[in-house]
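Structure first, then comments.
By convention here, the first residue in the shown sequence is residue 1. Hydrogens, waters and symmetry mates play no part in the numbers below; they use all other heavy atoms, side chains included.
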Amino acid sequence: MTAADLIIQNGKIATVDRNFTYVEAVAVRDGWIIDRGTNEEMAVYAGPATRVIDAGGRLVLPGANDSHMHAAHTGFTMSPSFLDFNGPKFNSLKIIQDAIREAAAKAGPGEWVFGCGHVDANIAELAAEGRPLYRWDLDEAAPDVPVVLTDFSLHNLTANSKALEIAGFDRHYPEIPHSIGAIERRADGELTGRFIEWGAQNLLLEKCPILSDRELEDCILRVQRALNKEGITSHTDILGEGGEHLFRGTWGSRVIDLYEKLAEEGRLTARCSIGVFSAILGQASYDAIIRGTDRVRLPEFKDRNWVKADAIKFFVDLGGPTWQRPGIRPEGSFASSWDGTEEEQIKEITRTIVELHRKGWQISIHSCGGGSMDCCIEAIAQANRRYPGKDLRHFLIHVDDQTEATAAKMAKNGILAAIQPTAANVVFGWNTPVLTDKEQIFNYQRYAELGEIQTGGSDSTCFSMNWRQGMQFCLTRTTVDGYCARPDLAMKREDAIRLYTINGAYQEHMEHLRGSIEVNKAADFQILDKDVLTCPEREIGSAKVVMTICGGKVVYEA
């Protein structure tokens with residue numbers, strides 16, 4: 001009998017296979033599952049060098065997947081000098097200014113101070129004046145050191161006067177196309193320091209020093225360790241020419257090569273599927289996206305189960321559900337990332353989707369509002385009709401404004417929904433009044449019953465990587481602030497688990513290699529201290545990961 005490298009025994013092992021089977025034990029060799037069954041059946045694989053892990057009756061699940069996040073950027077936000085303003089305690093301008101003042105005092109020559117996570121409406125002084133953060137607010141704390149802060153959405157950036165000076169921005173800087181973004185001005189033409197969307201932010205941050213390869217590697221390894229602590233063994237990242245200068249290069253194309261380098265060196269502790277942000281300068285247009293895609297040069301991925309890049313990512317909505325359906329959006333309002341009238345934008349977005357489909361790329365689209373979703377769904381349906389026979393599994397990210405009708409259309413056309421329940425856990429109360437189905441939004445169980453494949457992600461660094469918090473929201477439909485609507489639309493526990501396991505693998509065309517605990521699949525597991533399949537619903541989010549195993553190796557142990 002061939003000996004196993006690793007055996008997990010005495011577990012409640014939820015395999016997440018087709019029948020959601022439970023077994024007691026699983027055997028692993030060379031990073032792959034070679035058998036599963038009872039303790040007695042797996043004991044025959046024990047040899048002198050076999051590591052035997054006693055799960056002690058705990059729940060064992062496949063390693064989790066984060067189907068949408070900004071991983072290297074999240075790793076950057078975890079670096080010691082980064083200012084993290086996430087959370088309710090950052091509710092005054094003074095608190096933020098004090099932190100900036102301290103960071104600026106420690107900054108060396110040529111260094112910029114970076115931070116993110118604040119919510120303008122939560123800062124008392126800004127809320128009282130009904131305005132966002134401006135450069136003058138930052139100047140008070142750091143007049144001589146360049147400072148850049150992005151809000152919790154990342155779509156809005158505020159730079160202080162020193163950063164503007166270094167980057168060559170003043171009131172005479174020319175206006176830029178809407179599809180690149182916006183450089184905000186006062187009525188008198190003076191710049192406020194706010195840069196909206198990726199193209200505008202690229203223009204500013206082009207003058208900011210990019211992290212070294214070693215520092216970028218540290219960002220990757222740092223975030224992967226944090227993901228492992230949450231039981232996550234595979235994740236996405238968004239990287240490419242469209243983010244070349246964003247956030248000190250953590251959105252840039254060099255990071256793709258570094259993922260592959262780390263994989264070949266055996267240093268990754270989680271697998272990564274990359275969405276290529278190909279749009280030149282980050283501009284939302286057919287020309288920028290298609291020309292940028294033609295310029296993509298990827299490394300040779302030696303093991304695509306560790307690193308691959310098959311998807312093109314682009315943006316349609318602005319930060320949130322800004323392109324709503326007619327009759328839902330306020331009279332006269334309409335906003336997306338693209339130029340032109342609504343009719344012109346639909347035509348341009350459709351051209352882009354059809355061409356990327358023709359070229360054989362999987363398409364990953366930031367689409368929040370109902371108008372945006374309807375446009376993209378119809379465009380993908382058209383692409384399927386014109387160039388049939390391609391199993392590309394295009395997916396929409398966020399899809400806040402889903403309805404039963406749109407979910408059915410997505411299922412019909414093989415379009416996946418990359419949702420973020422940990423985001424819904426925060427924004428549910430904000431979104432309910434402004435979206436099509438009001439209190440029936442985020443009806444994940446019904447969408448699954450209609451055949452739509454949904455995957456669970458965090459959109460980190462914007463929201464929590466704790467997938468159990470997302471699962472808890474799926475079941476309770478109650479936010480961290482206590483807002484609850486239509487709890488009768490709760491998701492089934494097994495389907496919520498599938499969001500973060502086998503469905504994520506399916507999105508990545510990897511369901512034959514991972515996402516469930518089956519023979520000949522990758523040995524990726526997590527062991528929890530609480531049984532999230534039976535414990536009270538409101539305790540799911542507080543469940544801790546005891547151990548995470550990726551490729552048969554223990555990568556986290558509490």
Any chance you could lay out the side chain to side chain donor-acceptor pair (under 3.5 Å) test for Ser153 and Asp151, step after step, and finish with the verdict?
CA-CA 5 Å; Ser153 77; Asp151 70 359; 2.8 Å; yes
Measure from the side-chain N and O atoms of Glu206 to the backbone N and O of His245, and report whether any donor-acceptor pair falls under 3.5 Å.
no
Lys390 side, atom NZ; Lys359 side, atom NZ - distance, nearest 0.5 Å:
11.0 Å
In this structure, is the centre-to-centre distance between the rings of Phe82 and Phe76 below 6.0 Å?
yes
NZ/NE/NH1/NH2 to OD/OE distance under 4.0 Å, Glu348 and Arg351
yes
Atom CZ in Phe195, atom CG in Asn202: separation rounded to 0.5 Å?
11.5 Å
Does one side chain, of Ser458 or Asp66, offer a donor that lies under 3.5 Å from an acceptor on the other?
yes
Using the ring of each side chain (for Trp, its six-membered ring), is His366 parallel, tilted or perpendicular to His398, with breaks at 30° and 60°?
perpendicular
Within a 6.0 Å radius of atom NZ on Lys89, are there more than 12 heavy atoms belonging to other residues, nucleotides or ligands?
no
How about Leu93 and Leu133: do any of their side-chain heavy atoms sit closer than 4.5 Å?
yes
Find out whether Met410 and Leu416 are in side-chain contact, i.e. whether some heavy atom of one side chain is under 4.5 Å from a heavy atom of the other.
no
Check the surroundings of atom NZ in Lys409: do more than 12 heavy atoms from other residues, nucleotides or ligands lie under 6.0 Å from it?
no
When you compare the side chains of Ser234 and Asn65, does any donor N or O come within less than 3.5 Å of an acceptor on the partner?
yes
With side chain to side chain contact (heavy atoms under 4.5 Å, CB included) as the criterion, how do Leu149 and Ile96 come out once you've worked through the C-alpha distance, each side chain's angles and the decisive distance to 0.1 Å?
CA-CA 10 Å; Leu149 300 185; Ile96 290 174; 4.2 Å; yes
Residues Arg358, Glu355: salt bridge by 4.0 Å N-O rule:
yes
Run the side chain to side chain contact (heavy atoms under 4.5 Å, CB included) test on Val399 and Gln454 for me, step by step, so that the C-alpha distance in whole Å, both residues' side-chain angles and the decisive distance to 0.1 Å come before the verdict.
CA-CA 10 Å; Val399 288; Gln454 301 165 91; over 6 Å; no
Pairing of Arg329 and Glu342 as salt bridge, 4.0 angstrom limit
yes
Between Glu217 and Lys261, is the closest basic N to carboxylate O distance under 4.0 Å?
yes
Side chains of Pro88 and Asn122 in contact at under 4.5 Å (non-hydrogen atoms):
no
Between Phe85 and Ile95, is the side chain to side chain contact (heavy atoms under 4.5 Å, CB included) condition met? List the steps.
CA-CA 10 Å; Phe85 292 127; Ile95 293 174; 5.8 Å; no
Side-chain ion pair, Arg291 and Asp294, N-O less than 4.0 Å
no
Determine whether Pro421 and Tyr444 make a side-chain contact, defined as any pair of heavy atoms from C-beta on separated by less than 4.5 Å.
yes
Supply the atom-to-atom distance Leu83 CG to Phe90 CZ, rounded to the nearest 0.5 angstrom.
8.5 Å
Criterion side chain to side chain contact (heavy atoms under 4.5 Å, CB included) against His68, the qualifying member of Lys313, Gln507, His235
Lys313
Any side-chain heavy-atom pair from Leu246 and Leu154 closer than 4.5 angstrom?
no
I'd like to know if the side chain of His178 reaches the main chain of Ser336, judged simply by a donor and an acceptor atom lying under 3.5 Å from each other, with no hydrogens or angles considered.
yes
Please name the residue in the list Gln283, Glu197, Gln345 that meets the side-chain hydrogen bond (donor to acceptor under 3.5 Å, both in side chains) test with Ser179.
Gln283
If every non-hydrogen atom of Pro299 is compared with every non-hydrogen atom of Ile256, which pair is closest and at what distance?
CD-CG2, 3.8 Å
Do Ile380 and His357 have side chains that get closer than 4.5 Å, going by heavy atoms?
no
With a 4.0 Å cut-off, would you call Glu165 and Lys162 a salt bridge?
yes
Going by the angle between their ring planes, with limits at 30° and 60°, are Trp198 and His155 parallel, tilted or perpendicular?
tilted
Thinking salt bridges, do Lys106 and Glu102 make one under a 4.0 Å N-O criterion?
yes
Do Met78 and Thr74 have side chains that approach each other closer than 4.5 Å (heavy atoms only, starting at C-beta)?
yes
Do the rings of Trp251 and Phe277 sit parallel, tilted or perpendicular, given the 30° and 60° boundaries?
perpendicular
For Glu129, does the CD atom have more than 12 heavy-atom neighbours from other residues, nucleotides or ligands under 6.0 Å away?
yes
Residues Ser372 and Ser367: closest non-hydrogen pair is OG-OG, 2.7 Å
If I take atom CZ from residue Phe428 and atom CZ from residue Phe473, how far apart are they, to the nearest 0.5 angstrom?
4.5 Å
Side chain to side chain contact (heavy atoms under 4.5 Å, CB included) between Val434 and Asp401: does it pass, once the steps are laid out?
CA-CA 9 Å; Val434 299; Asp401 204 1; over 6 Å; no
Side-chain donor or acceptor of Asp317 paired with backbone N/O of Trp323 under 3.5 Å:
yes
Distance from Asp437 atom CG to Asn431 atom CG, nearest 0.5 Å?
13.0 Å
Side chain to side chain donor-acceptor pair (under 3.5 Å) between Thr422 and Gln469: does it pass, once the steps are laid out?
CA-CA 6 Å; Thr422 54; Gln469 291 177 356; over 6 Å; no
Please round to the nearest 0.5 Å and tell me the distance separating atom CG of Asp120 and atom CG of Leu126.
5.5 Å
When you measure from the centre of the six-membered ring of Tyr506, is the NZ or CZ of Arg393 closer than 6.0 Å and no more than 45° off the axis?
yes
Do you know which two heavy atoms are closest between Asp237 and Ala72, and how far apart they sit?
OD2-N, 3.0 Å
When you measure from the side chain of Asn160 to the backbone N and O of Val147, does any donor-acceptor pair fall under 3.5 Å?
yes
